[in-house]
Amino acid sequence: MSWDREINLKNPAEIAIMREAGRINATVHATVRELLKPGISTADLDAAAEEVLKKYGAVSPFKGYGNPPFPNSITTSINNELVHGIPSPARKLKEGDIISIDCGTFFEGYVADSAFTAGVGEISAKAQKLLDVTEQALYQGIAQMRIGKRTGDISAAIQQYVESHGFYVTREYTGHGVGHTMHEGPQVPNYGKPATGIPLRAGMVIALEPMVLVGTHRTKVAADRWTVVSADGSLTAHFEHSVAVTEGEPLLLTVL
Ligand code: MG
Ligand code: MG
């Protein structure tokens, strides 16, 4: 899988705006995370997210994206749903569920994109391990985001970490450059070989997003044409940050 979208290097002023967009996105996450209790609907979570975006004069780049146009500001993906779940008033959280929340923020001409998975009440040991491994895989990838490394180093770090814990990475959905639009170059898959791909340069901003499945790397798209589920019904998780390559340490944009 490959694409030829342009890689747009960002100057420090642009990175500063993206940092603000990222802070808003992290605020949405913190707000939604507080609401993850049995009985709340995924539409309620979406409404809460929209309220935060509105407060900061931001909108979600998810709304109206794609074909059919995505109807909401966040995606809510429960248990076997890997990504792109559509919020609904009929879909209520239950004790023991795990839910992935993906949110984008479009602010002053730039996009921030990040996601997390969390448990609802008490979750199984297996589900907790999945969450821990997926989140750590994201940080393994971020640690590679330095000058001198290439996109394949990021991909390989994520894949090796996940597979060393007995889980699977998706083949169909990938990390990506982010900036004026949600999806720019370079594409960064969650699998790959070290020392291959595009050399990293200061000013690249990449949304890294390990999507991890317990039982298979295979996925299917549901009848709503958006929700991506594991092909075997097994649990899935998703963590994402938008991160800038600098002359030094990688800079996380989507944190408070
Ligand atoms: Mg995302
Ligand atoms: Mg993304």
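The model shown is predicted, which means the values in this text are computed figures rather than measured ones. Each ligand, and each atom within it, is numbered from 1 in the order the structure gives.
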Atom name of the N, O or S atom in Asp113 that lies nearest to the Mg ion (ligand 2): OD2
With the Mg ion (ligand 1) at the center, what angle do OE1 from Glu240 and OD1 from Asp102 span, rounded to 10 degrees? 100°
Within 45° of the axis and under 6.0 Å from the centre of the six-membered ring of Phe167, does NZ or CZ of Lys129 qualify? yes
The reported gap from CG in Leu53 to OG in Ser73 (rounded to nearest 0.5 angstrom) is 6.0 Å
With carbon and hydrogen excluded and only N/O/S kept, which atom of His176 is nearest the Mg ion (ligand 2)? NE2
Check whether any N, O or S atom of His183, backbone or side chain, sits closer than 2.8 Å to the Mg ion (ligand 2). no
Looking only at the aromatic ring of each residue, does the gap between the centers of Tyr65 and His183 stay below 6.0 angstrom? yes
Any donor-acceptor pair under 3.5 Å linking the side-chain atoms of Tyr139 with those of His241? yes
Tell me whether the count of non-hydrogen atoms from other residues, nucleotides or ligands lying under 6.0 Å of CD in Glu95 goes above 12. yes
Any N/O/S atom, backbone or side chain, of Glu209 lying under 2.8 Å from the Mg ion (ligand 2)? yes
